[in-house]
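Order of the sequence lines fixes the chain letters, A, B, ..., with proteins taken first and strands second; residue numbering starts at 1 for each chain.
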There are 2 protein chains.
Amino acid sequence: MRKKYTIKDIANAAGVSIGTVDRVLHNRGKVSKKALLSVNNALKEFNYKPNPIARTLKNNTVYIIKVLLPDSAKDPFWLPGKEGIEEVMEEYGAFDIDISVHYYNPADSKSFLDIGFGLLGQHIDAFLFVPLFEKESDLLLDELKNKDILTGTFNSFHGGTVDLYVGLDLFMSGRVAAKLMADALKAPSKIALVHIDEESTNAVHLREKERGFRQFFKEMQDYEVITLAIGASGFEQKFAAFIEDEGVGGIFVTTSKVYRIVKALKALGKTKVVVGYDLLEENIKALQSNDIKFLIHQSPKLQASLGLKGLVDNLLLGKELSKKSLLPIQIINSENVESYLY
Amino acid sequence: MRKKYTIKDIANAAGVSIGTVDRVLHNRGKVSKKALLSVNNALKEFNYKPNPIARTLKNNTVYIIKVLLPDSAKDPFWLPGKEGIEEVMEEYGAFDIDISVHYYNPADSKSFLDIGFGLLGQHIDAFLFVPLFEKESDLLLDELKNKDILTGTFNSFHGGTVDLYVGLDLFMSGRVAAKLMADALKAPSKIALVHIDEESTNAVHLREKERGFRQFFKEMQDYEVITLAIGASGFEQKFAAFIEDEGVGGIFVTTSKVYRIVKALKALGKTKVVVGYDLLEENIKALQSNDIKFLIHQSPKLQASLGLKGLVDNLLLGKELSKKSLLPIQIINSENVESYLY
DNA sequence: TTAAAAAATGTGTACGTTAACACGTTTTAC
DNA sequence: GTAAAACGTGTTAACGTACACATTTTTTAA
């Protein structure tokens, strides 16, 4: 039975007290060269790793973590994200952390700023948020850095320096969509790329997907891609006109609002190859009725929970945080969708 | 700042000592009705959760865990599984657990038995293994149950009672493959389903995939599915004869040996729609050169690490173990494969 | 009523790590 | 040459929980 080595074993082996070993471990100085050497030798020999459990025990501060999410009441895409956060809160319920979640209106950059800055009054250890708005996120990030708060973001990649980011390679997801589309449509074909978004908020986000999509087809013959950008409210007329004019065979929707396209197509009595994003309830229905061919799953729940876990594990256990972790791009069709719903 | 409640807070609130609270928490009896009541009230009021960290600290036994895997030298499919185990070992390196990994020959049920039973000489707390062989796994499982050892399995579902299982819904994965195939091949079409397997070992395994595949096409018109079962060694001739005779448009391979089919097809100068399993290096190459249309990813690494983590977390932190957890069925094409390789 | 037995409760120590503190030794400053 | 500062080192009391053991209270029996 392998013995577990403790700081005491190291101290014995090095012929010093645990106090000295501890000072070496934490670079707290006040150690003679001789002691330092023998301690380091012992550490290496036993491949000693401090017990993280005993370590946190001593640390009796309660870490304060704030999470700022887009309100899922405004956009159901954020519902899984909320759930992910709640699961982590439950899981870490017994630890010395105080996580609180706050919501902003994803269609209103002012609400993001108001609520975000509103949270900075008290002492905070870590801040996790979705940087939907670029400029506003910069402002917030500056302030967070100023106050020396650990920062994490997910879903939207933000150029600035955050301590942790979880997300997808959106460009690549565009290529994936393109490949699926090319599989389904014989050349020559015309394909519509549709951005459905009220705000210019998601612009960067959606533009990345478009770049990937177009880049794929640039390498192919006889495919034409045309872009349509419309607001989410009352886009039906515009879309109808668009679809009548252009003889498109497939539609790639860069947001989770694909189901709206499906509905509009049904109203017009048309059938197209539709590819879009995210496992919203309505999208799943359309997938199962074969009105959507593929969905790309952005795993918002996983993104949120990994983000929060990353911050917590860093604070609590001193685990390293991965500056940028990219999740796999998951392809969903009518048959495997169920396996994502457990 | 929210205070973290400890057993001491509960004791104070209930007007008893921490010893009494502890007895209540562990149902160790020797508590008066009155005390029981007031403690339970306090527990509820504060929503008290014992600090799992302080708890394990006290428990100074080293848990012994054995992992028994098919040898990745014999079948590269098991390489990621090995890696997953190693990562978990690294992650939990500082804890009081002693994990050792052992390997059996996936083509030899005797080696499974020999090595498996050979491990049972000393005291063991948990045993994680891949139950490739049904009868032999039953034997081992009986013995494990006898000795009151925590059991976990992954990858192959085994009817018997294990404490934890991680895997895929193989039937559903067959359906997914079928759907992808149907998308790619216009009816009427003939599709070959190929089992490449030396042993009858994987029979149940592969049969499930076949069931799902066939069931999907039963619901469709004008598709015919024919099955070919061949050994892994020297199947080229048989396969060549088969492919000449039958006018198949697509080939679904139920194992990770798809790349062999691709090679054989190339040698024959033929092109088919090929769908198979697993991200072996050679399969990935074939995917990227468009010789394989789709792969289904069984996430062996994740399966292994989730399995081991489940056992460890149960032993160490008393976390519940999920009797049966099914991973999502992941569809891989030439574009998203890279996102799985980080 | 009282002694003994049983039941209920409290106390103390340990787990591994941390960090404040105390102590002894050496160096520095005047 | 002496006082003060600097340095190296060991000791000890926490952190929250668990459990053996000691102590107190209640019940039972004579």
Side-chain angles (χ1 to χ4, degrees), chain A residues 2-40 42-43 46-63 92-97 315-319, chain B residues 2-40 42-43 46-63 92-97 315-319:
Chain A
R2 195 187 49 150
K3 205 198 160 317
K4 212 76 249 237
Y5 297 108
T6 73
I7 199 171
K8 210 187 260 174
D9 297 310
I10 304 296
N12 278 339
V16 298
S17 72
I18 59 169
T20 301
V21 177
D22 187 65
R23 275 185 288 270
V24 173
L25 285 173
H26 295 87
N27 288 314
R28 284 199 277 126
K30 312 201 174 186
V31 176
S32 68
K33 269 169 279 178
K34 205 178 72 181
L36 185 75
L37 199 73
S38 63
V39 168
N40 274 330
L43 287 175
F46 292 114
N47 185 28
Y48 170 78
K49 290 176 190 174
N51 185 334
I53 272 175
R55 184 169 269 179
T56 56
L57 191 57
K58 192 69 220 306
N59 181 8
N60 58 349
T61 58
V62 176
Y63 291 109
Y92 286 82
F95 294 82
D96 274 354
I97 41 173
L315 288 174
L316 227 48
L317 306 175
K319 281 199 193 170
Chain B
R2 195 187 48 152
K3 203 197 162 319
K4 208 80 249 245
Y5 298 108
T6 73
I7 201 172
K8 209 187 264 174
D9 296 311
I10 304 295
N12 278 340
V16 297
S17 74
I18 60 166
T20 302
V21 176
D22 186 63
R23 276 183 288 270
V24 173
L25 284 173
H26 296 85
N27 287 314
R28 284 199 274 125
K30 311 199 177 190
V31 176
S32 68
K33 270 169 282 178
K34 205 178 72 183
L36 185 76
L37 200 74
S38 61
V39 169
N40 273 331
L43 287 175
F46 292 112
N47 185 28
Y48 171 78
K49 289 175 190 173
N51 185 335
I53 274 178
R55 185 168 269 179
T56 54
L57 192 56
K58 190 69 223 302
N59 181 9
N60 57 349
T61 57
V62 176
Y63 291 108
Y92 286 83
F95 293 82
D96 274 355
I97 41 175
L315 288 174
L316 228 48
L317 306 175
K319 280 200 196 174

Exercise for review: Can you sort out which residues in residues 10-23 of chain B have a heavy atom within less than 4.0 Å of DNA chain C? Ascending by number, please.
Suggested key: V16(B), S17(B), G19(B), T20(B), R23(B)
Separation of [N] [atom2] from [X] [atom1] (nearest whole Å):
X      : N       : atom1 : atom2 : result
K30(A) : dG10(D) : NZ    : C1'   : 14 Å
K49(B) : dT17(D) : NZ    : P     : 13 Å
R28(A) : dT9(D)  : CZ    : P     : 14 Å
D9(A)  : dT17(C) : CG    : C1'   : 13 Å
N27(B) : dA18(D) : CG    : C1'   : 15 Å
K34(A) : dC7(D)  : NZ    : P     : 19 Å
H26(A) : dA20(C) : NE2   : P     : 12 Å
L25(B) : dG16(D) : CG    : C1'   : 12 Å

Distance in Å, [X] [atom1] paired with [Y] [atom2], rounded so as to fall on 0.5 Å steps:
X      : Y      : atom1 : atom2 : answer
F46(A) : K4(A)  : CZ    : NZ    : 13.0 Å
T56(B) : D96(B) : OG1   : CG    : 8.0 Å
T6(B)  : I10(B) : OG1   : CD1   : 7.5 Å
I18(A) : D9(A)  : CD1   : CG    : 11.5 Å

Practice item. Using only side-chain N and O atoms of T56(B), determine if any of them is under 4.0 Å from OP1 or OP2 of dT17(D). Key: no
Review point. K30(B): what forms a salt bridge (charged side-chain N to carboxylate O under 4.0 Å, His left out) with it, not counting sequence neighbours?
Key: none
Side chains of [X] and [Y] in contact at under 4.5 Å (non-hydrogen atoms):
X      : Y      : answer
L25(A) : Y48(A) : yes
T20(B) : R23(B) : yes
L57(B) : L57(A) : yes

Protein N or O to nucleotides 14-16 of chain C N or O, pairs below 3.5 Å:
| residue | atom | partner | partner atom | Å |
| --- | --- | --- | --- | --- |
| dG16(C) | N2 | A54(A) | O | 3.3 |

Practice item. Report the residues that fulfil side-chain hydrogen bond (donor to acceptor under 3.5 Å, both in side chains) with K8(B), sequence neighbours left out, ordered by chain and then residue number. Key: none
Check your understanding: Got a sec, which residues hit side-chain hydrogen bond (donor to acceptor under 3.5 Å, both in side chains) with K34(B), two or more places apart in sequence or on another chain?
Key -> none
Polar atom pairs (N or O), protein with nucleotides 23-26 of chain C, under 3.5 Å:
none

Review point. Given V31(A) and V39(A), is the side chain to side chain contact (heavy atoms under 4.5 Å, CB included) satisfied, shown in steps?
Key: CA-CA 10 Å; V31(A) 176; V39(A) 168; 6.0 Å; no
